[in-house]
Amino acid sequence: MVDKQIIKPTTTMLTFKDRFDHFLARWGWHRGDHRVEPGLYSLGKPTPGSPVLVTANYTMSFDALRSNLKGVDCYILVLDTKGINVWCAAGKGTFGTEELMNRIKVTDLESVVSHRKLILPQLGAAGVSAFSLKEWCGWNVEYGPVRADDLPVYLKIHRATPDMRRVHFGLWDRIQLIPIELVSVFFVMAIAAIVLYFAMGPTASLAVLASVLAGTVLFPILLPLIPVRDFSVKGLILGLIVALPFAYYMLTKPGPEVFNAIAAAGYLLAMPPVTAFLALNFTGSSTFTSRTGVRKEIYTYLKPGAVMFGLGILAFVGLFVAHFLGMA
């Protein structure tokens, strides 16, 4: 028998410390540190016939699972996914067949329960081969629902309905990703805005903020509403819409029409690629795209976007030189 001390007890109750940890994780604070210890946990008063649910050792994955199991007596087998959530870990291979077999052995799970069945999250299916697990160690796998809040119903019927298997990526899901996207570019955005404020004035500084906020805040909110498929093109469209007021302001301001037109063209050329690049970065947080689809987008749109951005910067450099020479 396995030493009962290594079966760690847990509850369905989330504390203030748990919720504060989730808050920090969403803002990207020490991203690799939001972990629980891998191993076997008991919830309620499980018996040898109780179900065994498998998850990652990312705190938000573990907490989402246990907090949705009120009134359920079960075991939770936590894999060492290096603090990465189930979906991403399945893609990276850390939520995989080998680690699952290793964790069954390390926890001596076979002596704890009387059955040979594991319930895995639906999004972990890409990393675990049910056939290999059955062949190598005799354990069977059930792929449960995508979302932990469907588990109470799933545990009664032991069947994932089509709706339970469908990935919903709604507005609230997308909004929750905004902080970490924003934090990842905040330093660069702030430096660029400050430099341009002193070099070209407040309008150029505001354009930097608008482009970046469009790519990191507006884009995830409006994602399904922009009527094209590729994220880069969605970002270009959104960036163009955001750039239009700047172009209009430059065209209508007092001064030489030629220089005003060059400045307007500069905003229309430089701003959309910035938003498009950040939109393309969002593919890593979305269920809309595949790895091959992202690679295709990078090869298709990155170079034209870079050319657009370069032409826009050239326009501003020309205006800066003209202003320095007293021509504008």
What's the shortest heavy-atom distance between [X] and [Y], and which atoms?
X: Val86; Y: Leu123; value: CG1-C, 3.9 Å
X: Val141; Y: Ala130; value: CB-CB, 4.0 Å
X: Ala56; Y: Ile84; value: CB-O, 3.3 Å
X: Pro272; Y: Met308; value: CB-CE, 4.4 Å
X: Ala148; Y: Pro152; value: O-CD, 3.9 Å
X: Ala247; Y: Ala264; value: O-CB, 3.5 Å

Find the distance between [atom1] ([X]) and [atom2] ([Y]) and round it off to the nearest 0.5 Å.
X: Leu53; Y: Leu77; atom1: CG; atom2: CG; result: 10.0 Å
X: Leu238; Y: Ile226; atom1: CG; atom2: CD1; result: 5.0 Å
X: Ile104; Y: Glu110; atom1: CD1; atom2: CD; result: 7.5 Å
X: Thr12; Y: Lys70; atom1: OG1; atom2: NZ; result: 4.5 Å
X: Leu40; Y: Thr10; atom1: CG; atom2: OG1; result: 11.5 Å
X: Thr275; Y: Ile241; atom1: OG1; atom2: CD1; result: 10.5 Å

Output all residues satisfying side-chain contact (heavy atoms from CB on, under 4.5 Å) with Phe309, sequence neighbours left out; order by chain, then residue number.
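Partners of Phe309 under the side-chain contact (heavy atoms from CB on, under 4.5 Å) test: Ala270, Pro273, Val274, Ile313.
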Are any non-hydrogen side-chain atoms of [X] and [Y] less than 4.5 angstrom apart?
X: Val228; Y: Ile237; result: yes
X: Val128; Y: Val54; result: no
X: Arg174; Y: Pro224; result: yes
X: Leu236; Y: Leu240; result: no
X: Leu43; Y: Tyr75; result: no
X: Met164; Y: Thr161; result: yes
X: Ile175; Y: Trp172; result: yes
X: Val146; Y: Arg166; result: no

List the atom pairs, donor and acceptor, that lie under 3.5 Å between side-chain atoms in residues 196-217 and the rest of the protein, sequence neighbours left out.
unit_1, atom_1, unit_2, atom_2, d
Ser205, OG, Ala193, O, 2.9
Ser211, OG, Ala207, O, 2.8
Thr216, OG1, Val212, O, 2.8

If only atom types and distance count, is the side chain of [X] paired as donor or acceptor with the main-chain N or O of [Y] below 3.5 Å?
X: Arg165; Y: Ala160; value: yes
X: Arg116; Y: Gly138; value: no
X: Asn57; Y: Val36; value: yes
X: Glu297; Y: Ser232; value: yes
X: Asn85; Y: Cys88; value: yes
X: Lys234; Y: Leu223; value: yes

Indicate if [X] and [Y] have the same hydrophobic cluster label, given that clusters are the connected sets of ILVMFWY residues with side-chain heavy-atom separations under 4.5 angstrom.
X: Leu278; Y: Phe187; value: no
X: Val113; Y: Val78; value: no
X: Leu69; Y: Val52; value: no
X: Leu79; Y: Trp136; value: yes
X: Phe95; Y: Leu151; value: no

Within 6.0 angstrom of Lys105 NZ, more than 12 heavy atoms from elsewhere:
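12 or below, so no.
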With a 6.0 Å cut-off (strictly less than), is the heavy-atom count around CZ of Phe316, excluding the residue itself, greater than 12?
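For Phe316, atom CZ is crowded (more than 12 foreign heavy atoms under 6.0 Å).
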Can you run down the side-chain hydrogen bond (donor to acceptor under 3.5 Å, both in side chains) pairs that involve [range], sequence neighbours left out, and say none if there aren't any?
range: residues 143-152; value: Arg147-Asp173
range: residues 245-272; value: none
range: residues 38-54; value: Thr47-Ser50

Among residues at least two apart in sequence or on other chains, which ones pass side chain to side chain donor-acceptor pair (under 3.5 Å) with Asp163?
His168
Side chain to side chain donor-acceptor pair (under 3.5 Å) partners for Thr300, two or more places apart
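None.
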Salt bridge (charged side-chain N to carboxylate O under 4.0 Å, His left out): pairs with one or both residues in residues 71-82, sequence neighbours excluded:
Asp80-Lys82
Please name all residues satisfying salt bridge (Lys or Arg N to Asp or Glu O under 4.0 Å) with Arg159, sequence neighbours left out, ordered by chain then number.
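So Arg159 forms no salt bridge (Lys or Arg N to Asp or Glu O under 4.0 Å) with any residue.
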Does Glu98 have any salt bridge (Lys or Arg N to Asp or Glu O under 4.0 Å) partners at least two apart in sequence or in another chain, and if so, which?
none
Side-chain heavy atoms under 4.5 Å apart, restricted to Ile/Leu/Val/Met/Phe/Trp/Tyr: what other residues fall into the cluster of Met60, or is it alone?
Tyr58
If you apply the rule side chain to side chain contact (heavy atoms under 4.5 Å, CB included), what do you find for Asp230 with Leu280, and how did you get there?
CA-CA 8 Å; Asp230 290 346; Leu280 181 60; over 6 Å; no
Under the side chain to side chain contact (heavy atoms under 4.5 Å, CB included) criterion, do Arg66 and Ile76 qualify, and how do the steps go?
CA-CA 8 Å; Arg66 66 187 178 100; Ile76 299 176; 4.1 Å; yes
Sequence neighbours excluded and cut-off under 3.5 Å, please list the side-chain donor-acceptor pairs for residues 19-27, or say none.
unit_1, atom_1, unit_2, atom_2, d
Asp21, OD1, His34, ND1, 2.8
Asp21, OD2, Thr59, OG1, 2.6
His22, NE2, Asp18, O, 3.4
His22, NE2, Asp63, OD2, 2.7
Arg26, NE, Gln176, OE1, 3.4
Arg26, NH2, Gln176, OE1, 2.6

Let's go through Leu319 and His323 carefully: what are the C-alpha distance in whole Å and the side-chain angles of both, what is the deciding distance for side chain to side chain contact (heavy atoms under 4.5 Å, CB included) to 0.1 Å, and is it a yes or a no?
CA-CA 6 Å; Leu319 286 173; His323 180 76; over 6 Å; no
Centroid-to-centroid, Phe219 to Phe231, below 6.0 Å?
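So the answer is yes for these two rings.
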Could you give me the CA-CA distance, side-chain angles and deciding distance for Val185 and Asn281, then say whether side chain to side chain contact (heavy atoms under 4.5 Å, CB included) is met?
CA-CA 11 Å; Val185 296; Asn281 186 49; 5.8 Å; no
